Amino acid sequence: MTDWSGYLSLILQGAVVTVQLTVMGSILALLMAFIAGLGRIAPFAVLRWLATAYIEFFRGTSIFVQLFFAYFVLPFAGFTLTPLQAGVLALGLNVGAYAAEVVRGAILSVGKEQYEACIALNLSRWQCMRRVILPQALLVMLPTFGNNAIELLKATSVVSLISLADMTFQANIVRSQTGNTLIPFATILALYFFFAMIIAFAMRALERRMARGLDGVRA
Amino acid sequence: MEWDWEFVWQIMPTMIQGVKITILATILGSALAVVVGLAIALLRRSPSRLVSGTTGLIAEFIRGTPLLVQLYFIFYVLPDIGILLPPLVAGVIGLGLHYGTYTAEVYRAGIDNVPRGQWEAAKACNLSANQTWTRIILPQAIPPMIPALANYFIAMFKETPLLSAITVLELMNQAKSVANTYYRYIEPITLVGAFFLVISLISVIALRWLEHRYGRIER
Amino acid sequence: MAEPIIAIDGITKSFGAFKVLDKLSLQVMPGEKLALIGPSGSGKTTILRILMTLERIDSGHIRIEGEELYHMPKNGSLVAADERHLTRMRQKIGMVFQLFNLFPHMCVLDNVTLAPRLTKGTPREAAEKRAMDLLDMVGMSAKAKAMPAQLSGGQKQRVAIARALALSPKIMLFDEVTSALDPELVEEVLNVMRKLASETDMTMLLVTHEMGFAHDFADRVLFFDRGRIVEEGKPDEIFRNPKQERTQTFLRKIIAAGHRV
Amino acid sequence: MAEPIIAIDGITKSFGAFKVLDKLSLQVMPGEKLALIGPSGSGKTTILRILMTLERIDSGHIRIEGEELYHMPKNGSLVAADERHLTRMRQKIGMVFQLFNLFPHMCVLDNVTLAPRLTKGTPREAAEKRAMDLLDMVGMSAKAKAMPAQLSGGQKQRVAIARALALSPKIMLFDEVTSALDPELVEEVLNVMRKLASETDMTMLLVTHEMGFAHDFADRVLFFDRGRIVEEGKPDEIFRNPKQERTQTFLRKIIAAGHRV
Amino acid sequence: QDNAKLEQLKSQGFARVAIANEPPYTAVAADGKVSGAAPDVARVIFQRLGVPEIVASISEYGAMIPGLQAGRHDVVTAGLFMKPERCAAVAYSEPVLCDAEALLVKKGNPKGFKSYADIAKDTSATIGAPGGGTEEKLALEAGVPRERVIVVPDGQSGLKMVQDGRIDAYSLPVLSINDLVKKANDPNLQVVAPVEGAPVYCDGAAFKKGDEALRDAFNVELAKLKESGEFAKIVEPYGFSAAAAMSTTMEKLCTAK
Ligand SMILES: Nc1ncnc2c1ncn2[C@@H]1O[C@H](COP(=O)(O)OP(=O)(O)OP(=O)(O)O)[C@@H](O)[C@H]1O
Ligand SMILES: Nc1ncnc2c1ncn2[C@@H]1O[C@H](COP(=O)(O)OP(=O)(O)OP(=O)(O)O)[C@@H](O)[C@H]1O
Ligand SMILES: [Mg+2]
Ligand SMILES: [Mg+2]
């Protein structure tokens with residue numbers, strides 16, 4: 001009587017949307033993180049100010065507000081985004097603001113003496129950043145980036161509130177079609193956890209790869 | 001559709017009502033998270049592999065899945081096994097459990113950051129395990145935890161709009177209800193954003209102060 | 001002949017696959033001042049840490065004043081020591097660390113009085129009186145109310161010595177107590193230790209790279225290499241006339257690096 | 001008489017209210033080997049860091065080979081140097097740090113070739129050939145592919161020296177290059193520096209607490225105290241027969257702490 | 001007549017409709033296909049207008065009109081009942097689906113509710129309704145204070161909350177409640193229908209103000225459909241009365257007090 005396989009495929013369709021949002025949101029977040037993170041420590045006050053404004057704004061207002069804004073208010077300013085675009089935009093900008101602080105922190109965590117070695121070797125600012133500081137900072141960023149990506153994955157569930165058919169949204173559909181609450185929610189909880197584990201696992205593998213031969217750098 | 005100040009003043013009392021519930025939920029949720037986090041941190045240090053392992057897995061699971069879905073679960077599934085919670089209580093439990101897994105990490109890091117030399121000096125001074133914890137380790141571990149904990153409470157504050165999904169009339173839900181009644185989204189959603197931004201900025205300033213006051217112990 | 005205060009009997013200690021101490025035996029008489037020298041990684045620190053029970057042994061026996069350190073009698077047989085036994089044994093031993101390990105959240109005076117008050121129940125007043133005497137002895141009584149962060153390295157180390165002395169241990173362990181200090185500050189700490197060596201009859205074990213000081217301070221010098229005692233003897237014998245090839249090379253290198261013997 | 005390669009003229013440097021260098025003047029001739037000694041905090045490191053442009057001066061002038069370091073001519077008057085001017089001036093100067101400051105994410109060879117390749121555009125092959133020669137000179141060619149974390153302190157410091165030499169500077173600055181090393185490892189680094197001093201005609205400024213080495217190495221010794229040069233002269237004069245009270249006290253303390261002179 | 005909006009829909013090949021997932025008005029089948037009386041009618045009419053497809057997105061009632069204004073949907077076909085305030089905000093078509101209001105309560109109607117006013121009188125009673133829906137407004141107008149009107153996100157949640165005793169009554173149109181109860185198959189529930197004093201409402205397809213030309217074209221086809229009897233064939237299997245929809249007009253419903 002209840003067509004569970006049909007409902008499962010509905011949830012899997014939602015899972016595809018969730019994965020899409022997570023991947024595209026992460027890419028945008030990564031981009032913003034480096035732009036704003038480097039902006040925060042740029043030698044020009046204007047850049048620092050812009051980056052700070054972006055970071056404080058997106059960390060200060062809730063993701064929900066940003067989502068509703070992107071979805072319901074931006075159209076009045078002439079930008080009509082599809083729900084997916086609105087979701088990616090809000091998630092990416094929001095998580096990007098948090099990750100920007102990670103980028104900044106990681107860069108600052110590289111000791112002053114590395115900058116001094118660069119000066120003593122007559123490297124330019126950019127050469128120093130690109131060849132010496134960033135490669136070391138990246139390793140420090142990775143674990144937190146992993147956490148940020150998981151936060152983003154979890155945040156995708158709220159796009160169901162702007163009627164984007166992600167996993168949580170589809171679970172709600174299944175629930176109203178079947179009258180069963182436990183099964184759809186238990187299913188998506190397991191799926192979310194599965195995705196989170198994949199992210200954590202991939203990040204750890206990446207970190208190990210990058211840290212190869214570098215033992216003791218962070219100790 | 002343009003901005004209507006008169007409408008803003010008209011809905012202001014309703015919005016303030018929502019702010020109150022939002023703040024109440026944050027305070028209660030934070031209090032619960034402090035306790036839950038401590039419980040998790042202690043259980044994870046348990047000598048029994050079974051206890052520490054199971055706790056670890058549960059905490060990972062809670063941290064790896066969206067709060068929204070957990071709230072649905074607590075509110076709609078638990079009644080099936082006879083646990084019927086009022087919306088605000090369910091919301092506070094959801095927030096407290098979810099953020100408890102984060103505060104547990106703060107506790108762990110705080111304790112791990114006390115240098116090994118301190119444990120050894122305590123032993124060389126022949127202090128008992130109890131004395132070592134209360135006189136040497138915790139007094140050094142707790143102050144740096146305070147800003148980290150506060151950070152999570154601010155994050156929790158910004159996630160309270162999720163409670164609207166389980167019928168708690170917090171700020172976001174009030175805004176939606178206003179929007180539903182008057183078919184205007186711009187003012188209520190912008191107001192929600194402004195409320196969050198203002199409260200967040202104030203808390204960020206308070207946080208900087210906390211960091212300054214408790215952030216590091218001079219050695 | 002008197003009983004040895006420390007009797008180490010064939011102890012072995014490994015970290016993972018790496019054997020740090022290899023069937024090491026050693027007897028120390030009451031009041032003796034011992035200097036432990038040897039190359040980096042030879043196990044000098046490890047032996048002190050084992051005596052302070054900061055590290056467990058894999059096999060062998062250690063007796064302090066005739067009593068087993070890591071074992072205790074129970075129902076007629078020896079079993080692994082429990083925390084109560086260790087606490088009792090630790091009363092006899094004090095240790096000073098390379099990096100001081102002062103408690104950063106307490107003032108100098110509290111650092112020194114904490115252990116007597118908590119472990120012996122000494123009343124605050126008595127503990128503070130004795131602490132002031134000890135701080136006087138190390139030349140730090142003027143800084144009794146200072147926090148550790150406000151002190152120089154040499155000052156911190158002198159406070160750490162006073163703290164270890166506050167429990168009146170019979171045995172004092174010093175692990176490279178000057179090697180984290182600026183050269184100019186080394187002397188003030190060594191002066192305190194000279195005074196301690198000449199004025200008390202405590203048994204002292206000292207790990208150091210300051211050969212000159214080891215020479216003046218010690219009754220007996222032990223040269224460690226790869227977890228074994230390769231050579232031992234009076235300071236003059238070891239420094240002027242080492243018998244073992246390995247000792248000679250080590251001393252030659254150290255001298256070349258500008259350290260006086 | 002030849003032109004001085006470094007001419008420091010009345011420079012002053014403060015950190016906040018604290019004056020580290022006070023109207024200091026100093027001339028160094030090409031090929032001269034200078035040792036800077038003096039108590040902690042006297043400004044020795046600061047003067048090297050100023051020459052390496054890691055720190056700016058508050059007033060005064062520095063000329064390298066007759067050319068202003070911190071100023072440049074523009075429209076007929078001297079203005080503050082821009083990044084381009086500094087980059088050009090820094091080509092003449094190399095520095096070796098107390099804590100090596102190797103790039104931990106690059107192998108030894110890449111550490112040495114990085115600067116020539118990026119700043120001079122030396123092709124990889126040529127840069128690697130020269131790097132191998134330098135590593136050979138410091139006895140590290142066998143470890144060209146190792147990562148810094150796999151090296152001992154002495155080995156790291158020898159790589160750091162090779163790295164600084166790769167840019168063929170006319171002036172080399174050494175700031176306590178052995179004081180972070182285990183005593184056993186000091187000698188291997190000093191040997192490299194001896195070789196460097198005798199085989200090249202580079203101008204060298206050395207800050208050290210190794211009085212023995214300073215004595216053998218330097219043509220001239222400067223004794224610093226509180227940001228001024230209190231005494232200077234040939235090593236024999238300074239170490240055997242210091243004229244100033246302050247120099248005498250300093251040397252006495254150092255000797256007492258077990259350092260050979 | 002120049003109808004730019006319709007031309008645009010024709011050229012893109014589909015119209016975006018907002019629905020609510022509230023059977024039998026609107027529903028999503030297991031295969032993800034959109035059905036329900038309102039979208040079914042809209043689909044046929046759009047096909048006749050030359051727009052082959054409708055693309056539905058599920059939305060909260062409260063979000064539908066703002067979404068329409070923000071250009072997120074071209075039309076709302078969701079059982080959004082006509083009321084004067086709404087008529088002021090959007091351009092409605094002629095009536096499509098008509099229904100009375102119902103209350104879902106525990107078996108035996110323990111508190112004896114017959115109207116929204118009964119709930120207002122009982123100071124301990126709570127009522128659940130969709131946020132921004134007709135029922136919420138009716139309850140508020142009947143004098144139930146805001147804090148006793150619980151905004152419930154969807155029908156299934158409302159049913160669950162009545163079962164769990166979280167709310168005393170849940171209000172939706174009669175057919176929606178009947179559908180919920182049928183699915184739940186729970187003997188401990190009872191439906192009170194129609195609610196006394198609550199009018200019978202009709203919905204219509206709601207267009208953005210400014211899209212009146214499209215609305216008029218929609219009306220023309222709707223009238224033809226009603227005429228030919230096809231309309232009844234679509235809505236009656238869902239339980240709706242075609243006669244009710246044909247007996248009144250948008251004009252009347254929008255000016256009713
Ligand atoms: N906790 C530990 N885990 C693993 N290996 C250890 C540990 N502690 C010490 N070791 C290893 O044991 C060996 C002996 O260490 P120990 O500290 O006793 O040497 P040491 O003689 O004190 O040397 P140094 O003069 O450098 O202080 C070293 O190779 C060290 O790496
Ligand atoms: N960045 C800085 N900010 C504030 N004070 C500084 C800074 N760098 C150095 N100082 C101070 O300047 C003084 C001189 O420092 P400098 O490092 O030149 O001394 P030094 O002669 O090299 O001493 P040492 O032998 O300990 O290395 C010291 O008192 C130091 O505390
Ligand atoms: Mg050691
Ligand atoms: Mg210095």
Side-chain angles (χ1 to χ4, degrees), chain A residues 18 52 55-77 94 98 101 147 150-162 166-169 171-172 175 180-200, chain B residues 1-3 22 57 60-81 98 102 105 151 154-155 157-165 170-173 175-176 179 184-204:
Chain A
T18 294
T52 309
I55 291 171
E56 293 300 344
F57 180 81
F58 277 90
R59 296 200 314 170
T61 56
S62 171
I63 175 78
F64 303 92
V65 181
Q66 292 155 20
L67 210 53
F68 273 79
F69 228 86
Y71 192 68
F72 288 111
V73 180
L74 272 193
F76 293 111
N94 182 277
Y98 286 89
E101 289 294 88
N147 289 342
I150 292 177
E151 291 301 322
L152 197 147
L153 165 71
K154 294 193 302 177
T156 58
S157 68
V158 306
V159 303
S160 64
L161 301 181
I162 60 163
D166 78 317
M167 213 150 69
T168 303
F169 185 84
N172 265 318
R175 170 166 170 256
N180 187 315
T181 302
L182 174 69
I183 294 176
F185 284 153
T187 310
I188 62 167
L189 273 180
L191 281 171
Y192 275 115
F193 188 54
F194 174 68
F195 292 149
M197 289 298 98
I198 288 181
I199 294 176
Chain B
M1 198 187 281
E2 67 279 332
W3 187 261
T22 291
L57 192 71
E60 283 280 302
F61 185 83
I62 295 178
R63 204 156 13 132
T65 50
L67 178 56
L68 177 62
V69 185
Q70 290 162 9
L71 288 172
Y72 281 135
F73 214 86
I74 295 172
F75 194 67
Y76 293 122
V77 179
L78 288 193
D80 291 347
I81 55 167
H98 197 84
Y102 288 97
E105 288 300 303
N151 213 347
I154 296 176
F157 167 70
K158 282 176 288 194
E159 277 212 79
T160 50
L162 284 180
L163 303 196
S164 66
E170 47 62 67
L171 181 55
M172 192 73 191
N173 216 1
K176 278 202 278 184
R184 292 187 71 94
Y185 257 82
I186 296 189
E187 291 88 354
I189 295 296
T190 307
L191 276 186
V192 176
F195 274 123
F196 274 109
L197 194 59
V198 167
I199 298 178
S200 292
L201 287 180
I202 294 172
S203 7
V204 165

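Residue numbers start from 1 in every chain, and the chains themselves are labelled A, B, ... in the order their sequence lines are given, proteins ahead of strands. This structure is a prediction, so every number in the text was calculated from the model and none was measured.
- If you measure heavy-atom distances from Val198(B) to chain A, you find no contacts under 4.5 Å at all.
- Both the backbone and the side chain of Leu182(A) come within less than 4.5 Å of a heavy atom of chain B.
- Interface remark: Arg59(A) contributes backbone and side-chain atoms alike to the contact with chain B (heavy atom separation under 4.5 Å).
- By the side chain to side chain donor-acceptor pair (under 3.5 Å) test, Thr187(A) is found to be paired with no residue, residues two or more places apart in sequence or in another chain being considered.
- Considering all non-hydrogen atoms of both residues, Thr61(A) and Phe196(B) come closest at CA-CB, 4.1 Å.
- For chain A, the nearby parts of Thr190(B) are the backbone and the side chain; heavy atoms of each come within less than 4.5 Å.
- With a 4.5 Å cut-off on non-hydrogen atoms, Phe194(A) does not touch chain B at all.
- Between the CZ atom in Phe64(A) and the CD1 atom in Ile189(B) there is a gap of 11.5 Å [rounded to 0.5 Å].
- The candidate with the highest count of non-hydrogen atom pairs below 4.5 Å against chain A, out of Ile62(B), Val69(B), Leu67(B), is Val69(B).
- With a 4.5 angstrom heavy-atom cutoff, Glu151(A) touches chain B only via side-chain atoms.
- Proximity to chain B (any heavy atom under 4.5 Å) is shown, for Met167(A), by neither the backbone nor the side chain.
- Heavy atoms closer than 4.5 Å to chain A are found nowhere in Ile199(B), neither backbone nor side chain.
- In this structure, the ring of Phe61(B) has its center less than 6.0 angstrom from the ring center of Phe193(A).
- The two residues Arg63(B) and Lys154(A) have their closest heavy-atom pair at O-NZ, 2.9 Å.
- Lys158(B) approaches Tyr98(A) most closely through the heavy-atom pair NZ-OH, 3.2 Å.
- For residues 65-80 of chain B, every residue pair satisfying the side chain to side chain donor-acceptor pair (under 3.5 Å) rule, not counting sequence neighbours, is listed here: Asn172(A)-Tyr72(B), Thr65(B)-Gln70(B), Gln70(B)-His98(B), Tyr76(B)-Ser157(E), Asp80(B)-Lys160(E).
- Both the backbone and the side chain of Thr181(A) come within contact range of chain B, each with at least one heavy atom under 4.5 Å from a heavy atom of that chain.
- Atom CD1 of Ile186(B) sits about 7.5 Å away from atom CZ of Phe69(A), to the nearest 0.5 Å.
- Of all the listed residues (Pro66(B), Ala175(B), Ser200(B)), the one sharing the greatest number of non-hydrogen pairs under 4.5 Å with chain A is Pro66(B).
- In terms of heavy atoms, Val158(A) sits closest to Leu162(B) at CG1-CD2, 3.5 Å.
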